[in-house]
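Below: the structure, in structure tokens.
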Amino acid sequence: MIDPNMAMVSSYDYRLVTLSVVIAMLASYAALDLAGRTTAARGRVRLAWLVGGATAMGVGIWSMHYIGMLAFTLPVLVLYDWPTVLLSLVAAIFAAAVALFVVSRQRMGWLRALTGSAIMGSGIATMHYTGMAAMRLSAMCSYDPLLLTLSVVLAIVISLVALWLTFRLREDRTATGWWKTASAIVMGAAIPVMHYTGMAAARFTPSTLIPDTSHAVSTSSLGIAGVSAVTLLVLGVAVLTSAVDRRFSAQSLELDASEQRYRLLIEGIRDYAIFTLTPDGHVASWNLGAERIKGYRAEEIIGRHFSCFYAEEDIHSGKPEQELRAAISEGRFEDECWRLRKDGSKFWANVVVAPLRDSAGQLRGFSKVTRDITERKRSEQTQARLVAILEAAPDFIGFADAKNTHILYVNRAGRKMTGLGEAEDVTKLKIADVHPEWTNQMMRDRILPAATRDGFWAGECAFLHRDGHEIPVLMALHAHKTLTGEVEVFSTISRNIAERKRMEEALKRRTMELEAVNKELEAFSYSVSHDLRAPLRAIDGFSLALLEDCQDRLGQEEKAHLQRVRAAAARMGQLIDDMLKLARTARCEMVPQRVDLSRLAQEIAFQLQKSEPKRQARFVIAPGLTVEGDRGLLRIVLENLLANAWKFTSRQPDARVELGSRWRDTQEVYFVRDNGVGFDMRYADKLFGAFQRLHDVSEFPGTGVGLATVQRIIHRHGGQVWAEGAVGQGATFYFILEATDNGRGSLGRPA
Amino acid sequence: MKDMKDKIILLIEDNPDDEALTLRALEKNNIKNDVVVVHDGAEALDYLFGTGSYAGRDLTVMPQVTLLDLKLPKVDGLEVLRRLRANELTRLLPVVILTSSNEEQDLMNGYGLGANSYVRKPIDFGQFMDAVRQLGLYWLILNEPAPVPKRG
């Protein structure tokens, strides 16, 4: 029996211990480095980095452990069971993988850090004690529970520190950072501490039991060298790969960033539809402008064929494919045409297609830049229409540069007016070239300064024809100003007023002639008023003188003759007075106002009754007949009509005189009706002629001027007067004022 | 009050028929005042201002009423009236326009220039006589004229 309390004496080969520490440090450095790469990588690359890194780290940790084991020497032969050794290596790699996975995540909370370090620490402890279990020797191995526990705790604490350090340092791109190196040294020193604590926990007592050495292998110096070399190699390759990858990755990150900037730039452009097509014409990318202009969102259009942007007939005629072929053969294709939006509406597009080729010249697709120029197209059309209107206008329309007064445009009417050729280049002319000298002076001194000041001038001016004759015009001149208020262009619309001028001249001449005639007439009527009456007065006066002075010498017959002379003189005087009255109604000024015809008629009827109180006549006057007209003249109208009615009903026992109105269409017709002697309609047209009478003076007194006066006044009001009647059945006189229905002049214009 | 004989009537009338008829009407109406007859505007002014053929006339003697026709040779009636009214001596003399016309412009101008009255001569001589009678009654008897200013 072997005394179990008699422990074996063990010793360490310190050279190997040192080697193990160095390997631990290198493994730590590799771990820090690989964590950075794993974090930077994505997808499958990340998995590769995770597996590769874990392997390198695991091998490093394991080999530190293994070399540490070899540094431990016992007085007995120690063999190792290699399947168990391999198992310990797997445990190491698993622990490393867990560590890398945890630190390469975006974030590391306390819980994750603790869980990760617990798993990693446990893995390392498992690796260590599995490795111990691989020992095949003639001794019993027992552990001091305190130190064993301590070693496991140390493994977990060291893992926690390692995870924390690597997480902090993983983004550090500077490979030779001091922090990284220091961390590697700390970690590298800490891992062996755990190992050697674990070793210290082990107690070996001699045993007589023959160990199972069926899979056992021996260790040798060569084995140590081999393990060290392989480990160093693996770690070296790992660190080197990491360094190389870091450099490329930095570049590719740079490239990524720049690509992203361009992508954002293009995606953000709103005014241009910028998108790419695959070589066979399917949409591959889509920017904001494309979405705005064409109406498709990126996700609904990417992958669809670009022919959906074309009208049906364009697709049939193969236009989409032709454009791509043209782009390939010419290197660029540009077109303006109608395109379809998603909602089916059309827009006028400017399209540029260019092929996209890779560095080898292989076609990778197409870029398309589309602009919506519908507005421009519309404004071009509008402009063309406006020009057409200007060209068709009958007035001179043109504009000129305000600075150098060079003409920029003159329309067809303007060219014709000034004798310029249809195709002549007007821009060679100046404003002064199309005006006579006197208007040029006016332009300089008054018109252009006024237009510059007020923005507008209007007045009479003139153009000069090539052949030297002047064309009088009514000119409207505009000053077109820039935003800063500077006059840029003068434009004019000028109407040829030659014809109007001529008519004005003719009218002026006629007016003067008329005025002269009127003056003569006035003088005539003044003279009539003064001179024609004086002889009558003499005739009457001396007739009476004769009658008085020679009363005794004159016989009855002579006296009767003289009475006839006197009556004739009186009648002549009446005629002159009535004639003057008629003339006056034509000459006097009219003052239009509201006139109550009913009231006027009442007053006149009252006067007539008063003049012959014995007569029995009935006046029927409709109330509220108001018209627009001259009160004095309308009074004369009613006086004449009512006095006539009064006169011609004098033999009627139940005389009746009526004033009323009735409507004819939209026109109110006034009438004066009586039940007197009436008249023969055959002579109706003679009623209103001056000095025309249908009755004998002895029958009914009168001069035949009254109705002529009535007609003159009604005509001056723009109205009409007419009569109806029959012999013995009374008469009706109708009148309207302002005959709007037949387009007669308005009130106040003499008929 | 002056004697009726001192109350001179100035008749400015170019038509001899009218002159004769007016004088007859005055006579028939028993108006015995002195009547000075002048036949045109110039003569009328000479009489009133003591010039021309009337030079040296006693200008303290002024007509009680002047009967003025409008249509006159040389200087017409309205001009006579205007000059009369412009002169301090004759400014306040009563002037009756006695004429054939009743043209509105004559009425307006006559009153505008300061006529005291406007009478249209009727054709009927009976009516004319009546008018003259009323004028005499009013201007020669009823009306109190402004005092004639002392000359100088």
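Every chain is numbered from 1 and lettered A, B, ... according to where its sequence line falls, protein lines coming before strand lines. Note that the coordinates shown come from a computational prediction; the quantities given were computed from them, not determined experimentally.
Considering every non-hydrogen atom in both Phe542(A) and Ala20(B), the closest pair reads CZ-CB, 4.0 Å. The heavy-atom pair separating Ala534(A) from Asp18(B) by the smallest distance is CB-OD2, 4.3 Å. Arg566(A) and Gly126(B) make their closest contact through NH2-N, 4.3 Å (heavy atoms, listed as atom of the first residue, atom of the second, distance). Closest of all the heavy-atom pairs between Ile123(B) and Asp540(A) is O-OD2, 3.2 Å.
More than 12 heavy atoms of other shown residues, nucleotides or ligands fall within 6.0 angstrom of atom NZ in Lys559(A). Taking a 6.0 Å sphere around CD of Glu603(A), one finds it holds more than 12 heavy atoms contributed by other residues, nucleotides or ligands. Surrounding CD of Glu27(B) are at most 12 heavy atoms belonging to other residues, nucleotides or ligands under 6.0 Å away. Heavy-atom contacts from other residues, nucleotides or ligands closer than 6.0 Å to OH of Tyr111(B) number more than 12. When the shell of 6.0 Å around CZ of Arg594(A) is examined, it contains more than 12 heavy atoms from other residues, nucleotides or ligands. By the 6.0 Å contact criterion, CZ on Arg599(A) is open, its count of non-hydrogen atoms from other residues, nucleotides or ligands being 12 or less.
A salt bridge links Arg584(A) with Glu103(B): at least one charged nitrogen is closer than 4.0 Å to a carboxylate oxygen. Salt bridge Asp17(B)/Arg537(A): absent, no basic N to carboxylate O contact under 4.0 Å.
Here CZ of Arg24(B) is found 4.0 Å from CG of Asp549(A). Values are rounded to the nearest 0.5 Å.
Looking at Asp69(B), neither its backbone nor its side chain comes within 4.5 Å of chain A, counting heavy atoms on both sides. Within the 4.5 angstrom heavy-atom criterion, only side-chain atoms of Gln105(B), from C-beta onward, approach chain A.
By number of non-hydrogen pairs under 4.5 angstrom with chain B, the leading residue of Leu532(A), Asp577(A), Leu580(A) is Asp577(A).
The backbone N or O of Lys121(B) sits less than 3.5 Å from a side-chain atom of Arg533(A), completing a donor-acceptor pair.
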